[in-house]
S.K.: 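I have a structure here, written as structure tokens, and I will follow up with some questions on it.
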Number of protein chains: 2
Amino acid sequence: MKKKKSELLTEVELEFMNELWAIGEGTVRDVLDRLPDDRDLAYTSGATILRILEQKDFVTSRKEGKTLVYTPTLAKDIYQTRSLKDLSMKLFDDTPATLVARLVDDETLTEEALGQIRALVDRRLKNDGG
Amino acid sequence: MKKKKSELLTEVELEFMNELWAIGEGTVRDVLDRLPDDRDLAYTSGATILRILEQKDFVTSRKEGKTLVYTPTLAKDIYQTRSLKDLSMKLFDDTPATLVARLVDDETLTEEALGQIRALVDRRLKNDGG
DNA sequence: TTTGGAAAACGAAAAGCTTAGTATTTACTC
DNA sequence: GAGTAAATACTAAGCTTTTCGTTTTCCAAA
């Protein structure tokens, strides 16, 4: 039986994917330039991470002139769903309501955010109902 | 300047904390016994993990007879909030509404779960409003 | 009070993640 | 085509996490 792969990104990989998702596609240099100033990675480190991401099939690359341009193969929202599912399973007994409970407990949540959340749930309930 | 600690548990640490949270407190043996059958860890591995958890201040221990009984120092709901915050920051641009959007997108979500979620949000909105 | 069995303490091997150095390739310029 | 500047490929060092073996400690029962 094959060993279960986690299908989840490591911390650094996620850091890079976030930039690629934001810009659609980009080179090693593009991504590095977008990272915070205090994050100084060697160019080669960035290249390694993108190479690994390609190995893991999270991105593809095509050659453009002499440089590689990387493109995500997985949409951000899909990955978001996957991550949430994982967290829900591991920490919330697979009970989404508990997860939302913790979320809305948060003192710092604005009324506006709460309103948006409610609208989302309502819309979904209506679509299901009829 | 001190390096930022993540304050988050590793995969295995979380596995153990979940059992401690479920039973309130317990020994190495107690926790190991609760893990799934296909998860066979040596006794010493379990002991190591709990020792590390104590080092990181997620649990305390007291001696009872010859064995150590471990107790969480951090409530599960606090840790849930912390984890969600972390995920939200790293993957949802710190926008809780987006997070909920992904959650309610989930096809497999039952109507009941959706209702519970809505009730939670409503209650919170009412409490705030007056 | 000796001893046998279970647990704790310690240390360290194994595996995985992060970072980067060196060597090689590439495309462009003269 | 030789020089050169920038990018890629390859490799590995240094951490952290995961796992467990060995030694030490402790209790309980003979």
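A note on names: the letters A, B, ... follow the listed sequences, proteins ahead of strands, and every chain is numbered from 1.
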S.K.: Quick one: pull up CG in A:Leu87 and CG in B:Leu14 and give me the separation to the nearest 0.5 Å.
M.R.: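 One gets 8.5 Å once the value is rounded to the nearest 0.5 Å.
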S.K.: Please classify the nucleic acid contact of A:Thr67 as base, sugar-phosphate, or nothing, using heavy-atom distances under 4.0 Å.
M.R.: sugar-phosphate
S.K.: Is A:Lys56 salt-bridged to A:Glu7, cutoff N-O under 4.0 Å?
M.R.: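 No.
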S.K.: Distance check needed: C:dA27 P versus A:Glu64 CD, whole Å only.
M.R.: 12 Å
S.K.: Do the side chains of A:Arg62 and A:Tyr70 get nearer than 4.5 Å, heavy atoms only?
M.R.: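 A:Tyr70 vs A:Arg62: side chains apart.
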S.K.: Grab the CD-P distance between B:Glu54 and C:dA9 for me, whole Å please.
M.R.: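 Those two atoms, CD and P, are 8 Å apart.
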S.K.: Whole Å only: how far is the CZ atom of A:Arg51 from the C1' atom of D:dC10?
M.R.: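 Result: 7 Å.
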S.K.: Contact between A:Leu99 and B:Leu84 at the side-chain level, heavy atoms closer than 4.5 Å - yes or no?
M.R.: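 In contact.
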S.K.: Looking at DNA chain D, which of residues 22-42 of chain B put a heavy atom within less than 4.0 Å of it?
M.R.: B:Arg39, B:Leu41, B:Ala42
S.K.: Hey, is A:Glu15 close enough to B:Lys90 for a salt bridge, meaning N to O under 4.0 Å?
M.R.: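 Salt bridge flag = no for B:Lys90 with A:Glu15.
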S.K.: Rounding to a whole Å, what distance do you find between A:Met17:CE and C:dT18:P?
M.R.: 15 Å
S.K.: Could you label the plane-to-plane angle of the B:Trp21 and B:Tyr79 rings as parallel, tilted or perpendicular, counting under 30° as parallel and over 60° as perpendicular?
M.R.: tilted
S.K.: Would you say the side chains of A:Asn18 and A:Lys76 form a donor-acceptor pair under 3.5 Å?
M.R.: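 The criterion, which ignores hydrogens and geometry beyond distance, is satisfied for A:Lys76 and A:Asn18.
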S.K.: Checking side-chain polar atoms at under 3.5 Å, does A:Asp30 have a donor or acceptor matched by the opposite partner on A:Thr27?
M.R.: yes
S.K.: Looking across every strand, which nucleic acid part, if any, lies under 4.0 Å from A:Thr44 by heavy atom: base, sugar-phosphate, or nothing?
M.R.: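 It contacts base atoms.
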S.K.: Which part of the nucleic acid, if any, lies within reach of B:Glu11 when heavy atoms closer than 4.0 Å are counted: base, sugar-phosphate only, or nothing?
M.R.: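 Sugar-phosphate only.
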S.K.: OP1 or OP2 of C:dA20 sitting under 4.0 Å from any side-chain N/O of A:Ser45?
M.R.: yes
S.K.: Does A:Thr48 have a side-chain nitrogen or oxygen under 4.0 Å from the phosphate oxygens OP1 or OP2 of C:dA20?
M.R.: no
S.K.: Rounded to whole Å, please give me the gap between CG in B:Leu9 and C1' in D:dT17.
M.R.: 13 Å
S.K.: Before you tell me yes or no, could you show the steps for A:Thr108 and A:Asp106 under side chain to side chain donor-acceptor pair (under 3.5 Å), namely the whole-Å CA-CA distance, both residues' side-chain angles and the distance that decides it to 0.1 Å?
M.R.: CA-CA 6 Å; A:Thr108 69; A:Asp106 187 348; 2.9 Å; yes
S.K.: Whole-Å distance between D:dT18 C1' and B:Phe16 CZ?
M.R.: 11 Å
S.K.: Can you tell me how far C1' of D:dA7 sits from OH of A:Tyr43, to the nearest Å?
M.R.: 4 Å
S.K.: Rounded to whole angstroms, how far apart are CD1 on A:Ile49 and P on D:dA9?
M.R.: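 Rounded to whole Å, this separation is 15 Å.
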S.K.: I need a per-nucleotide contact map over nucleotides 23-30 of chain D, read 5' to 3'. Cutoff is protein heavy atoms under 4.0 Å; write B for the base, S for backbone only, - otherwise.
M.R.: ---SS---
